[in-house]
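Taking it in order: structure first as structure tokens, then the write-up.
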Protein chains: 2
Amino acid sequence: MPLTKKSTLVLVAERAGVSIASVSRVMNGLPASQQVIDRVRAAADELGYVPDATARSLKAGKTEQIALAVADVGNPVYVGMMHEISRVVTKAGYRLVLSSTGSDPLDQIDLLTSLNRGFADGLILSPLRVTEELGQQLRASRLPIVIIGSLPPGVELDNVRADSVRGIALAVDHLAAQGRRRIAFINGPVDTVPGAARLNGYLRALTEQGHPQNADAQVGASDFTYRAGLKAAATLLDQTTPDAIVCANDLLAVAAMKVISKRGLRVPDDIAIVGMDDTDIADLAQPSITSVDLRSTKRARAAAKLLLRRLENPQAPVEQIVIEPKLTVRASSVTGAREAEL
Amino acid sequence: MPLTKKSTLVLVAERAGVSIASVSRVMNGLPASQQVIDRVRAAADELGYVPDATARSLKAGKTEQIALAVADVGNPVYVGMMHEISRVVTKAGYRLVLSSTGSDPLDQIDLLTSLNRGFADGLILSPLRVTEELGQQLRASRLPIVIIGSLPPGVELDNVRADSVRGIALAVDHLAAQGRRRIAFINGPVDTVPGAARLNGYLRALTEQGHPQNADAQVGASDFTYRAGLKAAATLLDQTTPDAIVCANDLLAVAAMKVISKRGLRVPDDIAIVGMDDTDIADLAQPSITSVDLRSTKRARAAAKLLLRRLENPQAPVEQIVIEPKLTVRASSVTGAREAEL
DNA sequence: GTGATGGCTGTAAACGTTTACGAGAACGTT
DNA sequence: AACGTTCTCGTAAACGTTTACAGCCATCAC
């Protein structure tokens, strides 16, 4: 039910008795005589004129839109990142277009070709899995792209990532310092970027601590979800008896705790737990979960700013930022600290 | 680092030795001779041509974009809804533009005027607070809008909402059936749409059950968040001793449980808890939380489909859908049911 | 052989802006 | 009084498509 017809520059110009060029100039604050300014303003107000974004985009060659593609929209971490990116780009006058790709790498390829249709000025991409073909597409893209997470080999793009190897090391060191000796690991899928990195970090941390590597002490969940975590934790506890578990994710950590309590064991007394990502869930859980903060919102902000920078200066040198993780200690890993909660 | 210059219809036409009209026809599958088709296809491939979305939009008068504005991006419920909407509109060939407004009604006004710039073909809006001015803007809008949640008075738009009055009734009835008599209520801010509806539902359910209304037995958190929930729960327990608490939100429910256990009381033995929204958190919590499922993803899907329908038939009669809630019973409200978990 | 029919294809206009260019007008300088 | 500057404003082209229209040619019926 259109109350008013769409009004254009032409309409406003007619009404104000000036040329369309003058209307455009007034709307954009370019110099004009006071008389013209007043007449145009009045006419525009009466007609409820707002300039058309599409036409402006076509002329200017830019859309004022930034595309965001994250593999796993359900994951609370990505939600936070999305929120932060939205905030930053909105403040800079851009709109955020959500291009939710599934975990399927093909979706990402599709996305990249459709990016060339020019519906956005740039892209922030956080791929779950990187393939050679994705790399090719990335290299071939004409538009600025910022990658959150690891880059495919041979790709030189602005990049922000967490040092998850160091993050796992923080967790392992903390547990070792608490006197834990049999430190197990519940990972996500090893064929994903974060999964591979975290496994790598776990193994290195064990070696550095002088602990033996025990194949039974690590399992990979089929997914970074709570459900998958329940299964993985059960498998782990069937095949070994750790006194601590590092989990690649807060969701996995909650799942582990549930299985542990189901089996009549206590956290942290019998088994200490450390999660990862430091989401709200870590804080909400009972007991609250010590978690490695991979600084997701900080990474998100950095990525957004990187993209904005490149948009205003396409020649800028490629920048690759590594964000340092930080350990937030809570009740799940420290015996006798329960009263410290809340 | 553009590897290839942007290629246009004109370039392709030159290369193929045909007119731009022919190229356009081939790209759109309109009838053409086999010879022309082959030549155009070849030329397009060599040049890596993809049609420009902006130009097409300008000509066609539609952007293939749908805007989504939710007040509280942090809330897990909205995240799920966003995900679902994204899925539906993407499948229909639309892109989703995220217009995160804060809780400030002014943001929504801004959004509505900027919608008239035509950057999207329609809007799905879930306002947290409705004001008279918002209602005016909604009535004046030229573009299709679907509202999730209550409509401002006098606004006739496609609409999807949950029957939260009935939802609360489900919770109260369930608790009453479990023999609970002193059923308290932790609400969110009462000046929000959901807050007002839930309070209303609570009062009505109490009356229908023949329970007395006790002003001490209800508190409103300053926000639908965990932190606010902690404070609200503490206040509630200071001023009354309920044997059950209905919470307007799963986050508030978790907070209540934390405070309860902090005070040495047990859930559900001393106090039964029912949450709302039935998010993952209800399932993850220890004990798991009985929750009123307000069918957020179903509502989201309905809203998306409503908008799609109106986009293809602007004359369709206004439709207002009310989705029935459903109670998911878990451990937090049933004594002796602990073993049923997992 | 003529006219009508129909299928392809090219020309050009249109979508709503921004902006280079040039024409006047107003003003100051000599 | 003539000229140069400066400022304002209108004309028109351009962004990359889609599409109405008309032209052309081949085919076919008579």
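All values below were derived from every heavy atom in this structure, side-chain atoms included, with hydrogens, water molecules and symmetry-related copies excluded. Proteins come first, then strands; the chains are lettered A, B, ... in the order of their sequence lines, and each starts at number 1.
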### Task
Quick one: pull up OH in A:Y49 and OG1 in A:T8 and give me the separation to the nearest 0.5 Å.
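Output value for this atom pair is 7.0 Å.
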
#### Entry: Atom pair CZ (A:R295) and CZ (A:R301), whose distance is rounded to the nearest 0.5 Å
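That separation rounds to 10.0 Å.
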
### Task
Take atom CG of B:L30 and atom C1' of C:dC8, then tell me their distance rounded to the nearest Å.
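Taking atom C1' of C:dC8 as the reference, CG of B:L30 is at 12 Å.
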
### Query
Should B:E64 and B:R95 count as an ion pair when the cut-off is N to O under 4.0 Å?
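Looking at B:R95 together with B:E64, the answer is no, because their closest N to O distance does not fall below 4.0 Å.
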
### Message
Does this structure show an ion pair linking A:D158 with A:R310, if we count only N-O contacts that are shorter than 4.0 Å?
### Response
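Yes, this pair counts.
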
### Message
Taking A:I66's backbone N and O only, do any of them form a donor-acceptor pair with A:D121's side chain (distance below 3.5 Å, no angle check)?
### Response
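Not confirmed, A:D121 side chain does not pair with A:I66 backbone.
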
### Task
Enter the inter-axis angle for the ends of the helix from C:dG1-D:dC30 to C:dT30-D:dA1 (five pairs per end, rounded to 10°).
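Answer rounded to 10°: the end axes differ by 60°.
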
#### Entry: Heavy-atom protein contacts under 4.0 Å, nucleotides 5-17 of chain D, coded B base, S sugar-phosphate only, - none
---SBBB--BBBB

### Close side-chain approach of A:L143 and A:L123, heavy atoms under 4.5 Å
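Answer no - side chains too far apart.
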
### Message
Within a 6.0 Å radius of atom CZ on B:R309, are there more than 12 heavy atoms belonging to other residues, nucleotides or ligands?
### Response
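For B:R309, atom CZ is crowded (more than 12 foreign heavy atoms under 6.0 Å).
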
#### Entry: Test side-chain contact (heavy atoms from CB on, under 4.5 Å) applied to A:T54 and B:T63, step by step
CA-CA 8 Å; A:T54 309; B:T63 59; 3.9 Å; yes

